[in-house]
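Take a look at the structure set out below.
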Amino acid sequence: MRIDIITLFPEMCEAVLNESIIGRAQKSGAVEIECHQLREYAFDKHRRVDDAPYGGGMGMLMMAEPIALCFEDICRKTNSRPHFIYMSPQGKTLTQERLKELSALDSVCILCGHYEGVDERLIEEYIDEEISIGNYVLTGGELPALVLTDALARMIPGVLSGSECFELESHYNSLLEYPQYTRPAVWRGREVPPVLMSGHHKNVEDFRREQSVIRTAQKRPELLENADLTDKERRLAESVIFTEYKK
Ligand code: 4GO
């Protein structure tokens, strides 16, 4: 997969994306990420990309033309028409389900807004989808774009090692992850559940599955609606929810 990011702060994005697992994925070629300095597509001598809003009001808006020129340059260079996403509090909230669909695309381009946002006509002309990472407002779209890029990249085959496999984890199957423990076996008087040290793989697997169901019922019962549970697991979840309710 190829991900292009249009931003006024490419160094900020690169600093994050060149580290750790996503950095490794770029080096291995599993994902190709390029951050583009929007200012390079400004057309006046001061390299301005923002202007005051018609009708007045506070703040500045990003002008449509530099963004259009940058996107068109990306299309030309990649011989493609990437799915163009604008990070915005007005978008649909990102979910693991939507990420799964997006990760199947060949290329996406992410626009990071700044100031008060972008000229609406750019959105009409080019943006395929507005995505939000949650119901709060930030000063720029860079952090949301990095969240989207990280979450997308880790779903691409070869980015995570087998032991980091996303298909086993939290939210992928609408269940929260089971609790995990590492050494020491006793920490400040707290013991690791004995079944995890028994070496009995089937019992460990059953314990973890049950813990996932219990924790989801305790912490995020609304997720259970989409979870695939056995009748026995449903009854367990119902009893946990009932016990939580009485507390
Ligand atoms: C996205 C962008 C929040 C989100 C943003 C979000 N704030 N919840 N701010 O995903 C236009 C100028 C939007 C700053 C940007």
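One-based numbering, in listed order, for ligands and for the atoms of each. Heads up: numbering here begins at 1 and tracks the sequence. Bear in mind that the values here come from a model prediction, so they are computed numbers and not experimental data.
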Need the list: ligand 1 N/O atoms against protein N/O atoms, distance under 3.5 Å, rounded to one decimal.
| from | atom 1 | to | atom 2 | distance (Å) |
| --- | --- | --- | --- | --- |
| ligand 1 | 7 (N) | L138 | N | 2.9 |
| ligand 1 | 8 (N) | S132 | OG | 3.2 |
| ligand 1 | 8 (N) | G134 | O | 2.9 |
| ligand 1 | 8 (N) | Y136 | O | 3.1 |
| ligand 1 | 9 (N) | L138 | O | 3.1 |
| ligand 1 | 10 (O) | I133 | N | 2.8 |

Between L38 and F9, is a side chain to side chain contact (heavy atoms under 4.5 Å, CB included) present by the stated rule, with each step listed? CA-CA 9 Å; L38 179 61; F9 303 97; over 6 Å; no
My understanding is that only one of V49, L111, D50 makes a side chain to side chain contact (heavy atoms under 4.5 Å, CB included) with V118; could you say which? L111
Is R2 salt-bridged to E34, cutoff N-O under 4.0 Å? yes
Verify same cluster id: V16, I3 (apolar side-chain graph, 4.5 Å): yes
Tell me the ring-ring contact (aromatic ring centres under 6.0 Å, His included) pairs involving residues 194-231, sequence neighbours left out? none
When you look at Q180 and L196, which way does the side chain to side chain contact (heavy atoms under 4.5 Å, CB included) test go after all the steps? CA-CA 9 Å; Q180 302 200 79; L196 298 179; over 6 Å; no
